[in-house]
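Note that the coordinates shown come from a computational prediction; the quantities given were computed from them, not determined experimentally. Numbered from 1 within each chain, the chains take letters A, B, ... in sequence-line order.
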Number of protein chains: 2
Amino acid sequence: MSANNPAEGKKMPAFQSVINHLRDQIRSGELQNHAALPSERTIGEQFGISRMTARRALLAIEMEGLAYSAGRRGRFVSPQRLTYDISKTVSLSALAGKEELGLTIKVVSKQMIAADAALSAKLTIAEGEALYKYTRVFLLKSHPAFIEEEYAIARVFPNLFDHNLQQSTTVLMEQVYNMPPHSGDITIRMRALNEKEAGLLSLPTYHAGIELEQVIYGSDGKPFCFGRQIWRGELAEFSAHAIVTG
Amino acid sequence: MSANNPAEGKKMPAFQSVINHLRDQIRSGELQNHAALPSERTIGEQFGISRMTARRALLAIEMEGLAYSAGRRGRFVSPQRLTYDISKTVSLSALAGKEELGLTIKVVSKQMIAADAALSAKLTIAEGEALYKYTRVFLLKSHPAFIEEEYAIARVFPNLFDHNLQQSTTVLMEQVYNMPPHSGDITIRMRALNEKEAGLLSLPTYHAGIELEQVIYGSDGKPFCFGRQIWRGELAEFSAHAIVTG
DNA sequence: CCAATAAACTGGTATATACCAAATAAAAAC
DNA sequence: GTTTTTATTTGGTATATACCAGTTTATTGG
């Protein structure tokens, strides 16, 4: 009846029993949302394993989405995954509306740049045309959820930076500039985070995350904004309703 | 000018230079598609670092999607990511058509089961109703790309298992049973693989992957099939064109 | 009471070593 | 030449240890 039951066949790795134990504690509610997990060293002592093996288990728990790391502050229980409906909202207005999520937006940088080859192709504009570029980090209950880099055509949104960027820019574009989003091309992929991204999300470098790229089109069918979000993969899921056309 | 240039500010971790070196070799084409990467031990000797540090670098290269592990056979250069358009195809017919991908399908298991609470809710049928369940692994050039578990309502597809499952089941359902897919609800999330899934995809346990769940609806608006795909995250990206409705 | 300092604790990186089991390559037997 | 056996290589797991640099807590000084 032990965690390493020989009757069950192959022997279980040592880190596996730590994973099972922590998973049970989190699922049962013994460890509640945003509660601190035991440290690597503590787990090592409790289970009679080395710190590196305990670390192995904790990284697995992170990947399962049950906990998140906050750098040298420790690891904490993850809140529930939130669902992001890409067929209803190409923007974040849906998130911003829900007060219980505790959404705050931190502006990391804002600047003006000239469109390079890739951006001019995505936005169907001339290479070199002026763009607003701004990077923001979205936090849920002061816990970083994703980074967003957006590129907006300067010609379409004069004096964009005079407005507050700590809100949904889609709402801003719609209400101030009368450019409501009509449709969007979205691409979702899993990839490793680079050093900068990992820092902003307080994750170890080369941790996996989800990248969501979107080109937003206006009612005239022309793209006016390109955005790239880098999500902590354990925090979100993306849903869509698709009609089969091909 | 060394890889660890003190003039650049903070010192670079040792595994970082290994990552940069391998990335350059892969991007430049020095290491071609499906070519074997040096082993953990070899890299350790070449760079004068321990095997565990070399391993650390190789796992990062895997997460970047530049290489894939094939268990104890070694690590190999990843082919290019393929794009899966969820708004055009809720099925795999698009993949099956392309001969250059080298798609082969391995049937892992097929059985009949009774719908549990979760499945009956997804398929809007009575709990306990008979379902076909089959699991398949899809390989691209004999390299596992994703697992698919599908549940089809037995009443709708009599004698489904008399047909060959090494083909697109959507085509089968359409041509043999006259049930073409009309639309689908799709959910995409990143999550850790369990032991069984990792084995089928020849990845280490608790590696991150992408899960794609879809409920397929017929022309009558009723769901007839529920499927779950587990992708090697580095291998695919998912695209969609969304119309803003909300 | 408050601010400065010191100690304790955290995760991140790194090493050297060890054993296992699966996969492959090489050698031996037929 | 083909099969069987053996040796080598591979990644996966595991330990014990060490140092570093941020974070937090406790202590000390004013």
Side-chain angles (χ1 to χ4, degrees), chain A residues 3-4 6 9-19 22 35-63 67-76 142-143 192-193 195 198-207, chain B residues 3-4 6 9-19 22 35-63 67-76 142-144 192-195 198-207:
Chain A
N4 227 329
K10 309 161 196 170
K11 70 179 172 202
M12 187 191 285
F15 67 84
Q16 184 69 57
S17 47
V18 180
I19 293 174
L22 288 173
L37 265 64
S39 74
E40 299 176 354
R41 287 172 177 84
T42 306
I43 290 177
E45 286 168 20
Q46 282 180 350
F47 285 80
I49 58 177
S50 78
R51 185 192 147 199
M52 290 311 285
T53 307
R55 180 184 175 76
R56 170 84 170 77
L58 282 164
L59 292 176
I61 284 291
E62 273 187 65
M63 287 226 261
Y68 62 93
S69 153
R72 293 186 166 84
R73 240 161 296 134
R75 290 186 177 86
F76 303 88
S142 69
H143 161 220
L193 307 178
E195 225 170 325
L200 287 172
L201 294 177
S202 60
L203 283 172
T205 321
Y206 293 100
H207 198 92
Chain B
N4 226 332
K10 310 161 196 172
K11 70 179 170 201
M12 185 192 288
F15 67 85
Q16 185 68 59
S17 47
V18 180
I19 294 175
L22 288 173
L37 266 65
S39 74
E40 299 176 354
R41 288 170 176 85
T42 306
I43 290 177
E45 287 169 20
Q46 281 180 351
F47 284 80
I49 58 178
S50 77
R51 186 192 146 196
M52 292 310 286
T53 307
R55 179 183 176 78
R56 169 85 173 75
L58 282 164
L59 291 177
I61 284 290
E62 272 187 65
M63 288 224 263
Y68 63 93
S69 152
R72 293 186 166 83
R73 239 162 295 134
R75 290 186 176 84
F76 303 87
S142 68
H143 161 222
L193 307 179
N194 63 34
E195 225 171 323
L200 287 172
L201 293 177
S202 60
L203 283 172
T205 319
Y206 293 99
H207 197 94

In whole angstroms, how far is the C1' atom of C:dT10 from the CG atom of A:L58?
12 Å
Could you state the atom-to-atom distance from CD1 of B:I43 to C1' of D:dT9 in whole Å?
14 Å
Which nucleotide sits closest to the side chain of B:R75: C:dG11, D:dG11, C:dT13?
D:dG11
Could you grab the distance from atom CD of A:Q16 to atom CD1 of A:I19, nearest 0.5 Å is fine?
5.0 Å
First locate atom CZ of A:R56, then atom CD1 of A:I43, and finally report the distance between them rounded to the nearest 0.5 Å.
14.0 Å
Using a 4.0 Å heavy-atom cut-off, does A:R55 contact any base of the nucleic acid, only the sugar-phosphate backbone, or nothing at all?
base
Using a 4.0 Å heavy-atom cut-off, does A:I49 contact any base of the nucleic acid, only the sugar-phosphate backbone, or nothing at all?
sugar-phosphate
Counting side-chain heavy atoms from CB outward, which of C:dG11, D:dG12, D:dT17 is closest to A:S39?
C:dG11
Nearest whole Å is fine: how far is C:dG12 C1' from B:L59 CG?
15 Å
Does the side chain of B:E62 pick up a donor-acceptor pair with the side chain of A:Y206 at under 3.5 Å?
no
Looking at B:R72, I'd like to know whether one of its side-chain N or O atoms comes within less than 4.0 Å of OP1 or OP2 on D:dT9.
no
Rounded to the nearest angstrom, tell me the gap between atom CD in A:Q16 and atom C1' in D:dA14.
15 Å
Find the distance B:Y206:OH to D:dG11:P and express it as a whole number of Å.
23 Å
Which nucleotide in the set D:dC19, D:dT13, D:dG11 lies at the smallest distance from any side-chain heavy atom of A:R51?
D:dC19
CZ of B:F76 versus C1' of D:dT9: gap in Å, rounded?
12 Å
Calculate the interatomic distance between A:R56 atom CZ and C:dG12 atom P; express it in whole Å.
15 Å
So what does B:R41 hit on the nucleic acid, given a heavy-atom distance under 4.0 Å: a base, only sugar-phosphate, or nothing?
base
Choose from D:dA14, D:dT10, D:dT23 the nucleotide whose nearest atom is closest to any side-chain atom of A:T53.
D:dA14
Nearest to the side chain of B:M52 - C:dG12, C:dA14, C:dA16?
C:dA16
State, yes or no, whether a side-chain contact exists between B:E40 and B:L59 at a heavy-atom distance under 4.5 Å.
no
Separation of C:dA16 C1' from B:E40 CD (nearest whole Å):
15 Å
Should B:R73 be listed as having a side-chain N or O under 4.0 Å from OP1 or OP2 of D:dG11?
no
Using side-chain heavy atoms (C-beta onward) and a distance below 4.5 Å, is B:L58 in contact with B:L22?
yes
